[in-house]
Amino acid sequence: MLRIDVISIFPGLFEPFLSESIVGIARRGGPLAVQVHDLRDWTQDRHRSVDDAPYGGGPGMVMKPEPLVAAIEAVAGEKGPERQARVLLLTPQGERLDQARLEGWAAGEHLVLVCGRYEGVDQRVVELAVDEEVSIGDFVLSGGEIPAMVLIEGLARLLPGVLGNPDSAIWESFRGDLLEGPHYTRPPEFRGRAVPAVLRSGDHAAVARWRAEQARETTKRRRPDLWELASGRVGRGEDEK
Ligand code: ADE
């Protein structure tokens, strides 16, 4: 069972996302429990303020430390060796998300996702209450809510019993450092374009060879950085994936 607590100033953004598709299935009697918390519940002032002007000047606002630290400690406990939860702050300044990180967190028991907003989060929150800062890519969104959903969806499908076909997650992690080649379904010909004959041949070994070749070609062409990594591994005598 993986428990995820989300801390956000826009808890309403999560409602439909958490109810539909694979995430909804994982939550309904499955191995995933998600609770979304409104950061403003931990404010003390009349205006329920969560941000303030930056020291040193400049544009934008910074998320205040008091409500954020109070919220994190309420759902995760105080930072330290006793804490069971892993607390992640979603921010473009974080380390980049990848499948290996998702697999590590999916094997844990309790994650807390803190959604940053405004120009950033007071650094003392990071020091006092956060374990890891995570970015979903080299682009800037207005807040960590969509990135938190990206994590939740990536995690849900890794949990035991969630995917209809358990082979698909294993298959992906076996050959996870290459991109997949093209896929086809019926009809056999569409607007003059035929499905490659090998896929209709019934020759499973030939199909497997074709797919492996397509995966290599797609990866070389589109992601030379990944190809470099993958072929380096093969070259050093590790298992071909
Ligand atoms: N918040 C804003 N942009 C982000 C990004 N790219 N990743 C994670 N959190 C963010």
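Whatever order the structure lists ligands and atoms in, that order sets their numbers, starting from 1.
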Next item on the list: Identify, with sequence neighbours excluded, every residue that meets side chain to side chain contact (heavy atoms under 4.5 Å, CB included) alongside Leu141.
Entry: Ile136, Phe139, Ile146, Pro147
Check: Taking a hydrophobic cluster as the set of Ile, Leu, Val, Met, Phe, Trp and Tyr residues connected by side-chain heavy atoms closer than 4.5 Å, whether directly or through intermediates, do Val75 and Leu32 fall within one such cluster?
Finding: yes
Notebook entry, point to check: Is there a path of hydrophobic side-chain contacts, each under 4.5 Å between heavy atoms of I, L, V, M, F, W or Y residues, that connects Leu13 with Ile4?
Noted result: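 Cluster IDs for Leu13 and Ile4 match.
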N/O donor to acceptor pairs below 3.5 angstrom from side-chain atoms of residues 121-134, sequence neighbours left out:
from	atom 1	to	atom 2	distance (Å)
Asp122	OD1	Arg124	N	2.9
Asp122	OD1	Arg124	NE	2.7
Asp122	OD1	Arg124	NH2	3.4
Asp122	OD2	Arg124	NH2	2.8
Asp131	OD1	Arg83	NH2	3.3
Asp131	OD2	Arg83	NH2	3.1
Asp131	OD2	Val87	N	2.8
Glu132	OE2	Arg86	NE	2.8
Glu132	OE2	Arg86	NH2	3.1
Glu132	OE2	Trp105	NE1	3.4

Next item on the list: Apply salt bridge (charged side-chain N to carboxylate O under 4.0 Å, His left out) to Arg101 and list each qualifying residue two or more places apart in sequence or on a separate chain.
Entry: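 Residues passing salt bridge (charged side-chain N to carboxylate O under 4.0 Å, His left out) with Arg101: Glu95, Asp98.
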List of N/O pairs, ligand 1 versus protein, all under 3.5 Å?
from	atom 1	to	atom 2	distance (Å)
ligand 1	3 (N)	Leu141	N	3.0
ligand 1	6 (N)	Gly137	O	3.3
ligand 1	6 (N)	Phe139	O	2.8
ligand 1	7 (N)	Ile136	N	3.0
ligand 1	9 (N)	Thr91	N	3.1

Next item on the list: Locate the shortest heavy-atom distance separating Ala148 from Leu113; write the atom from each residue and the value.
Entry: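 Scanning both residues completely, I find the closest heavy atoms to be O-CD1, 3.9 Å.
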